[in-house]
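Note sheet for the following structure.
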Protein chains: 2
Amino acid sequence: MPDSDTHSQTQFHQMPGYLIRRLNQISTSIFQDRMAALQLDLTPVQFAALSALQVNPGIDQATLAGLIAYDRVTIGGVIDRLSTKGLVARSINARDRRARQVSLTPEGNALLHRITPEVAALQPSILDGLTEAERALFIALAQKAAAASNDRSRAPLRPRKP
Amino acid sequence: MPDSDTHSQTQFHQMPGYLIRRLNQISTSIFQDRMAALQLDLTPVQFAALSALQVNPGIDQATLAGLIAYDRVTIGGVIDRLSTKGLVARSINARDRRARQVSLTPEGNALLHRITPEVAALQPSILDGLTEAERALFIALAQKAAAASNDRSRAPLRPRKP
DNA sequence: TGCGTATAATAAGTATACTTGTCAATTCCC
DNA sequence: GGGAATTGACAAGTATACTTATTATACGCA
């Protein structure tokens with residue numbers, strides 16, 4: 001019996017669920033450290049929201065959530081915090097008064113231009129232990145897996161129709 | 001300019017940070033659905049904690065946190081909830097009264113035996129879009145990356161010395 | 001036209017996953 | 001043996017990431 005116990009611990013650390021969580025912890029930690037080094041107060045979620053808004057100004061919160069695969073309720077809080085920082089502005093859509101149109105402010109746009117290259121530059125360091133070829137392979141596999149299971153998450157990616 | 005905008009959106013969805021977050025959403029969602037189907041109220045974190053306690057009964061909270069790569073503060077809340085459910089018991093260590101020893105209750109042990117095979121069985125479905133060979137490759141790459149960057153996360157894995 | 005359905009957002013609640021700060025108990029070192 | 005440094009846990013605060021419920025608005029259709 002002690003044998004099976006020992007194995008079960010070893011087994012745990014090979015499970016995809018565990019490994020993915022670890023990588024997520026590492027990824028967010030690296031992002032956070034880089035932002036702190038730049039003396040910025042911005043989370044990965046907030047960066048994603050700003051990026052999507054740059055490409056799609058004036059979209060409503062639900063559409064924004066779909067573009068970056070977030071829950072609609074969660075995005076509300078994110079927009080609140082970005083709004084408090086003066087990076088985005090919310091206004092009521094005249095044609096559909098249920099909807100809030102969200103756009104970057106000039107400050108938000110300036111900040112995004114400043115940090116986008118930083119965020120792009122930090123990405124490879126998330127997979128620092130891998131060679132260049134392995135990194136590319138990992139990204140391809142992750143894309144394939146995420147695309148295949150998109151609808152199994154609570155907040156699926158809903159890309160805008162082109 | 002519209003060209004670079006279009007590219008920047010495309011680029012975003014290929015970043016490791018984004019893909020890892022998506023996979024984590026998918027992974028936790030699948031876990032949650034399976035537990036709900038079994039009429040159980042247990043999160044991935046809670047399962048990991050129970051598993052580690054089965055192999056290492058009576059360890060203190062900080063050691064437990066290190067074994068599953070969690071923050072010490074976070075684990076306190078997890079233990080609280082497991083304790084409320086009657087799955088673990090906390091007692092003060094006689095030799096170091098700062099430390100709380102945590103152990104599985106008989107109920108916790110029974111539950112763990114019941115769900116461990118379920119959790120193991122659900123793991124492949126997290127990477128459902130991949131072939132068997134790709135899954136093995138992904139796991140190997142993820143393990144390598146997580147191990148290499150272990151100390152860059154806020155809560156590194158601290159395995160027990162054998 | 002009006003009523004039921006659908007949608008957008010918010011509210012309240014739970015559970016991670018951290019941060020910093022505090023406190024108590026212990027251990028180290030002189 | 002006694003003070004300093006360390007350690008384990010908790011408290012309070014922030015930020016995702018959900019759930020369910022509620023409110024307001026819009027839309028479809030008979």
Side-chain angles (χ1 to χ4, degrees), chain A residues 17 20-22 24-33 35-36 41-49 59-66 68-85 90-102 152-156 158, chain B residues 17 20-22 24-33 35-36 41-49 59-66 68-85 90-102 152-156 158:
Chain A
I20 289 167
R21 175 180 66 77
R22 285 295 294 136
N24 200 40
Q25 284 178 312
I26 290 164
S27 167
T28 56
S29 186
I30 288 174
F31 189 99
Q32 201 175 323
D33 287 348
M35 289 303 117
D41 172 29
L42 206 75
T43 67
V45 187
Q46 292 169 8
F47 169 75
I59 54 176
D60 61 76
Q61 294 186 189
T63 305
L64 173 58
I68 54 179
Y70 282 91
D71 181 88
R72 278 189 305 160
V73 177
T74 304
I75 216 70
V78 174
I79 298 296
D80 278 348
R81 287 180 280 275
L82 289 173
S83 176
T84 301
K85 292 181 207 173
R90 248 190 294 216
S91 62
I92 291 177
N93 185 322
R95 287 193 295 177
D96 184 345
R97 306 230 314 272
R98 294 170 303 184
R100 267 82 176 155
Q101 294 176 282
V102 190
R152 304 186 66 173
S153 77
R154 291 297 184 275
R158 300 280 178 233
Chain B
I20 289 167
R21 177 180 65 77
R22 285 295 293 134
N24 199 41
Q25 284 178 311
I26 290 163
S27 166
T28 55
S29 186
I30 288 173
F31 189 98
Q32 202 175 322
D33 287 349
M35 288 304 117
D41 170 32
L42 206 75
T43 66
V45 187
Q46 291 169 10
F47 169 74
I59 54 176
D60 62 78
Q61 293 188 189
T63 304
L64 173 58
I68 54 179
Y70 281 92
D71 183 88
R72 277 189 305 161
V73 177
T74 304
I75 216 69
V78 175
I79 298 295
D80 278 347
R81 287 180 281 275
L82 288 174
S83 176
T84 301
K85 292 181 208 173
R90 250 189 292 217
S91 62
I92 291 177
N93 186 320
R95 284 194 294 177
D96 183 345
R97 303 230 315 272
R98 297 170 301 184
R100 266 84 176 153
Q101 294 176 282
V102 189
R152 304 187 66 175
S153 76
R154 291 296 184 276
R158 299 279 179 234

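So that the names make sense, note that chain A is the first sequence line, chain B the second, and so on, each numbered from 1. Small disclaimer: the values here were computed from a predicted structure and weren't measured. Computed over heavy atoms, backbone and side chain alike; hydrogens, waters and symmetry mates excluded.
Within the 4.0 Å cut-off from OP1 or OP2 of D:dC10, at least one side-chain nitrogen or oxygen of B:Q61 is found. When the side-chain nitrogen and oxygen atoms of B:Q25 are compared with OP1 and OP2 of D:dC18, one or more of them lie within a distance under 4.0 Å. For D:dT19, the OP1/OP2 oxygens have a side-chain nitrogen or oxygen of A:R154 closer than 4.0 Å. At C:dT16, none of the side-chain N or O atoms of B:Y70 fall inside 4.0 Å of OP1 or OP2 (strictly under the cut-off). Of the side-chain N and O atoms in B:Q46, one or more sit less than 4.0 angstrom from OP1 or OP2 of C:dT16. OP1 or OP2 of D:dT16 has at least one side-chain nitrogen or oxygen of A:R81 nearer than 4.0 Å. Residue A:R90 places at least one side-chain N or O under 4.0 Å from the OP1 or OP2 atom of C:dT10.
Residue contacts shown for B:T43 are limited to sugar-phosphate atoms, with no base heavy atom under 4.0 Å away. Counting any heavy atom pair closer than 4.0 Å across all strands shown, B:R100 reaches sugar-phosphate atoms only and no base atom. Within the nucleic acid shown, B:D60 comes within 4.0 Å of sugar-phosphate atoms alone, with no base atom in reach, counting heavy atoms only.
A donor-acceptor pair under 3.5 Å is absent between the side-chain atoms of A:R95 and the main chain of A:N93, judged by distance alone. A:Q61 places no side-chain N or O within 3.5 Å of a backbone atom of A:V73 that could act as its donor or acceptor partner. Looking only at distances, no side-chain donor or acceptor of B:K85 sits under 3.5 Å from a matching main-chain atom of B:D80. Between the side chain of B:T28 and the main chain of B:N24, a donor-acceptor pair closer than 3.5 Å is present. Looking only at distances, a side-chain donor or acceptor of B:S29 sits under 3.5 Å from a matching main-chain atom of A:R152.
Residue A:F31 contributes atom CZ, which lies 13 Å from atom C1' of D:dT16 at whole-angstrom precision. At whole-Å resolution of the value, CD1 in B:I59 and P in D:dA9 are 10 Å apart. Residue B:D41 contributes atom CG, which lies 18 Å from atom P of C:dG13 at whole-angstrom precision. Taking atom CG of residue A:L42 and atom C1' of nucleotide D:dT16, one finds them 14 Å apart after rounding to whole Å. One interatomic measurement links the two molecules: CG of A:D71 to C1' of D:dT19, which rounds to 9 Å at whole-angstrom precision. Rounded to whole Å, atom P of D:dT16 lies 13 Å from atom CE of A:M35. Atom CZ of B:R72 and atom P of D:dC10 are 11 Å apart (whole Å). We find that CD1 of B:I92 is positioned 13 Å from C1' of D:dC10, with the value rounded to whole Å.
Toward the 5' end of DNA chain C, the nearer of the two residues A:Q101 and A:R21, judged by each one's closest nucleotide, is A:Q101. Across the interface with DNA chain D, nearest-nucleotide mapping of A:V45 and B:T63 shows B:T63 to be the residue nearer the 5′ end.
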Detail all sub-3.5 Å separations between protein N/O atoms and N/O atoms belonging to nucleotides 20-26 of chain C.
| unit_1 | atom_1 | unit_2 | atom_2 | d |
| --- | --- | --- | --- | --- |
| C:dT26 | OP1 | B:R97 | N | 3.1 |

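At its two ends the helix from C:dT1-D:dA30 to C:dC30-D:dG1 runs along axes set 10° apart, each axis drawn from five pairs and the angle rounded to 10°.
Using a 3.5 Å distance cut-off with no hydrogens or angles, the side chains of B:D60 and B:T63 do pair a donor with an acceptor.
Closest approach of A:Q46 to A:D41, counting heavy atoms only: OE1-O, 3.9 Å. Taking both residues in full, the closest heavy atoms of B:A65 and B:R72 are given as CB-CA, 4.1 Å, listed atom of the first, atom of the second, then distance. When all heavy atoms of B:I68 and A:R21 are compared, the closest pair comes out as O-NH2, 2.7 Å. Of all heavy-atom pairs between A:F31 and A:L42, the closest is CE2-O, 3.4 Å.
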